[in-house]
Every structure is written in C-alpha cells, then in structure tokens.
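Okay, structure first, notes after.
Read the numbers this way: they start at 1 and go in the same order the structure lists the ligands and their atoms.
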Amino acid sequence: MSEDERSKMAAVQCCRFCGGALTRFVDLGMSPLCESFLGAEQLDSVERFYPLVAYVCGHCFLVQLHDYVSPKEIFTEYAYFSAFSETWLAHAQSYVGQMTQRLSLSASSRVIELGSNDGYLLQYFVAEGIPVLGIEPAANVAAAAEKRGVPTRVEFFGAPVARGLVGEGIMADLVAGNNVMAQVSDLNSFVAGIKIILKPKGVCTIEFPHLLKTMVGNQFDQIYHEHFSYFSALTVERVFAAHGLMLFDVEELPTHGGSLRVYAAHAERPTYPRQPAVDSLIAREREAGLDRLTTYARFVEQVQATKRKLLRFLIDAKERNKTVAGYGAPGKGNTLLNYCGVRADFLDYTVDRNPYKHGKYLPGTHIPIYPPEHIARTRPDYVLILPWNLKDEIAMQLQYAREWGAQFVVPIPELTIF
Ligand SMILES: [Zn+2]
C-alpha cells in the first residue's frame with residue numbers, strides 16, 4: 001500500500017469515540033497477533049500479519065488502532081490467566097481491601113467486574129461475603145472463575161448487556177474494569193453500559209496503562225493488536241463525560257510501566273467531591289503537550305532511534321561472536337522483535353516461566369521458547385530482558401549468569417547494558 005493510499009484509508013476510518021479525523025501516530029510495520037504462539041508444526045504454514053499502525057484523533061486525542069481483528073476472534077478463547085501472576089494477585093487483593101473500606105461495601109452491596117478473567121480479583125470480594133458478578137467473553141477463562149466460586153457471564157460487555165442485567169434487577173455499587181477498556185472496540189457502548197448499570201451512588205474504577213508514561217518512557221512496545229485504544233486522563237474524562245459520568249479521583253500505579261486508576265460516578269449527582277489529583281494530573285498532561293498533535297507527531301522519531309540502537313547492539317555483538325539470549329515472551333516483546341526485524345539470527349532463543357509456552361515459537365519471528373534453565377545450560381554472553389518493566393526482579397533471578405560474565409540488556413526506555 002502506498003503512503004497516499006494508506007493516509008486515504010486513515011481518513012476513511014474515524015475516531016472510535018468522537019468520529020474525529022485520525023492522524024498517523026506511529027507505524028510499527030506488519031505484525032501477527034502477539035499472543036498467537038506457534039507450535040513446531042505451524043512453522044511451515046501461512047501466518048497472518050496485520051498492519052500495526054496507531055493513529056491519534058485530532059479532536060479528542062484518543063490513540064487507537066483500527067480493529068483489523070475482531071474482539072470475538074481474539075478474546076473468545078484466551079490463553080491469558082491472571083491468577084498465574086503473583087504480583088497481579090497481590091495488586092488485586094490490596095484493591096479489594098481499599099475499595100471495601102472506601103465504599104463501605106457489605107453483604108447488601110454488589111460488585112461487577114468487566115473483563116473478570118479467571119476471577120482472580122472477585123474471589124477476594126467473595127471471601128469478604130460481598131456479592132459479585134463477573135462479565136468475561138472468554139468461555140475457557142470464565143469456567144476457571146466459576147470453579148473459584150465467582151459467578152460469571154460469558155459476554156462482551158456493552159449497553160445491551162447492561163440493560164439486560166438491569167432488567168433482571170442487577171445493578172452495581174462498584175464496577176471494576178482493570179486493563180479491559182483498551183480491548184474494547186465499541187468504546188461508546190462500553191462506557192454507556194457502565195452508566196446504565198451503576199446504582200445512583202455507585203462508583204466505577206478503571207485501570208489502564210497511562211499514555212503519558214507510554215510516550216515519555218518510549219514504551220512503544222505496549223502497542224499491539226489486542227489493544228485498540230491508549231488513554232490519557234484528559235481523553236478518558238471526555239469519554240466518560242459524554243456518557244454522564246464524572247471522574248472524581250485518580251491514582252498513579254506502577255503496574256505495566258505506569259498505569260492510572262480513575263474513579264467515576266454519575267455526573268448529575270455529585271456524591272463524591274472531585275479530588276485535586278484529577279485536575280493536577282490533567283494539567284500535567286497538558287504541560288507535556290498531550291492536547292496538541294505536534295507532540296504525538298514527534299513520538300515516531302524516538303521509536304525509530306530505539307530500533308537503530310537495538311540493531312546496532314545486536315550487529316556488534318554478533319560480529320564479536322557473542323551469543324545473545326532473550327528472557328521472557330510477553331506481548332510487548334513480540335511488538336519489539338517484529339518491528340525491529342529481530343529473528344533467531346540475532347536472538348538465539350528466549351526463555352519463559354510459563355510452561356504453556358515451552359517448545360513453542362514467538363509469533364512472526366519464530367524464535368524458540370525454552371524453560372529458564374536453558375540459560376544455565378547455554379551460558380549466553382548477553383540476556384535481552386523483554387519484560388523490561390520487571391528488569392530488577394529478573395536480573396536478581398539471573399544473578400548466577402554473572403559467574404560466566406553474562407551481561408543484561410534492556411531495550412526500553414533506552415538500550416542499556418548492565
Ligand atoms: Zn476522537
């Protein structure tokens with residue numbers, strides 16, 4: 001597709017929230033779905049690649065991908081089980097304690113979680129005797145939640161599902177949505193549904209990776225097909241306001257390289273006073289230029305510089321006959337490796353703690369995945385840490401590799417060897 005044809009296509013498709021015109025934010029080339037790991041028998045087959053191009057709306061500044069792949073195709077059978085991650089469980093448990101206290105939740109309340117996965121979060125409310133309902137589109141993951149004692153509906157949440165639940169007399173004192181709003185293709189229906197399902201004094205909390213952190217921290221590998229939208233607080237405020245919801249508080253969290261948790265309630269009934277944190281965060285975003293297209297246009301330069309630095313390091317290491325292994329097989333790693341064109345010719349292999357990935361290959365780049373012990377067996381000169389947000393934890397686990405002089409490398413925010 002030529003540059004002209006592509007920009008024509010961008011002009012045809014418009015913002016999924018406000019219908020405004022879209023401008024190119026960053027083009028990360030062609031990329032397969034980042035969770036579609038391949039078995040050895042699939043390596044000779046055709047693999048589907050989609051353009052990984054992010055756009056920004058010139059009106060509301062929502063950063064977004066076209067949904068080339070429908071949510072049904074991605075999320076109906078999903079391989080990601082939240083309860084496998086201990087850090088994430090601890091995060092969920094502390095959220096439950098905090099919210100139970102702040103909203104005085106009890107046996108007469110109800111908590112609804114959107115994208116409730118395997119019940120990893122709602123199980124802690126159940127333990128407190130607080131009634132819950134999970135909404136989760138992936139049937140296999142929802143089944144795991146039911147086993148945990150978390151009642152779960154297999155649905156894509158939106159206004160029609162919300163109306164159905166209200167018809168059954170089900171409404172929420174608390175609606176929770178953690179890392180789910182990015183995966184919604186009909187954003188307006190999703191937020192309209194929250195408005196419908198919230199009791200008059202109900203509160204909704206939504207967590208998502210913070211676009212400001214993504215841009216300042218050069219975290220372009222957070223962009224992948226499974227995430228249709230990328231949010232700043234100023235855009236989320238607009239989206240919620242359009243559906244009669246008002247942000248009244250926000251917290252900055254360290255998860256996923258820097259996330260936001262926003263609190264919203266019905267706008268027409270100001271039950272909760274607006275905390276100064278909301279306006280001060282939005283002011284910081286404006287200072288950083290998130291309300292100007294020129295800021296977004298500059299992002300591509302740092303992305304391209306990162307690619308050159310990573311390739312320069314790999315070429316140099318290979319010319320010195322050094323071996324380079326990867327650590328981890330996260331979605332973000334697949335964006336990085338596909339965009340940079342790094343295959344097994346640069347990265348001999350990668351390792352991962354998840355046994356489901358062993359013996360499989362990374363989508364697109366076909367780099368083999370081994371258990372972590374493979375590093376001790378092969379003694380590589382460098383280990384490229386793909387989940388760079390966990391670099392301290394991983395470097396600690398790999399301390400033994402210092403014995404043979406191995407060095408660790410992170411590609412983001414800037415290529416660093418340590
Ligand atoms: Zn827009």
**H358/Y370 aromatic ring centres below 6.0 Å** = no

**Request:** Side-chain contact test, heavy atoms from C-beta onward, threshold under 4.5 Å: evaluate it for Q93 versus W88 and give yes or no.
**Result:** no

**Request:** Evaluate whether atom CZ of R102 has more than 12 neighbouring non-hydrogen atoms of other residues, nucleotides or ligands under 6.0 angstrom away.
**Result:** yes

**Fill in**
Sorted by chain and residue number, the salt bridge (charged side-chain N to carboxylate O under 4.0 Å, His left out) partners of R308 (sequence neighbours excluded) come out as none

What pairs of donor and acceptor atoms, side-chain ones from residues 406-417 against any protein atom, are under 3.5 angstrom apart with sequence neighbours left out?
from : atom 1 : to   : atom 2 : distance (Å)
E414 : OE2    : K309 : NZ     : 3.3
T416 : OG1    : E414 : O      : 2.8

**Asked** Ignoring water, what protein N, O or S atoms are under 2.8 Å from the Zn ion (ligand 1)?
**Response** C15 SG, C18 SG, C57 SG, C60 SG

**Request:** Could you list all the ring-ring contact (aromatic ring centres under 6.0 Å, His included) pairs where at least one residue sits in residues 268-315, not counting sequence neighbours?
**Result:** F25-Y296, F25-F299, F61-Y296, F248-Y272, F313-Y382

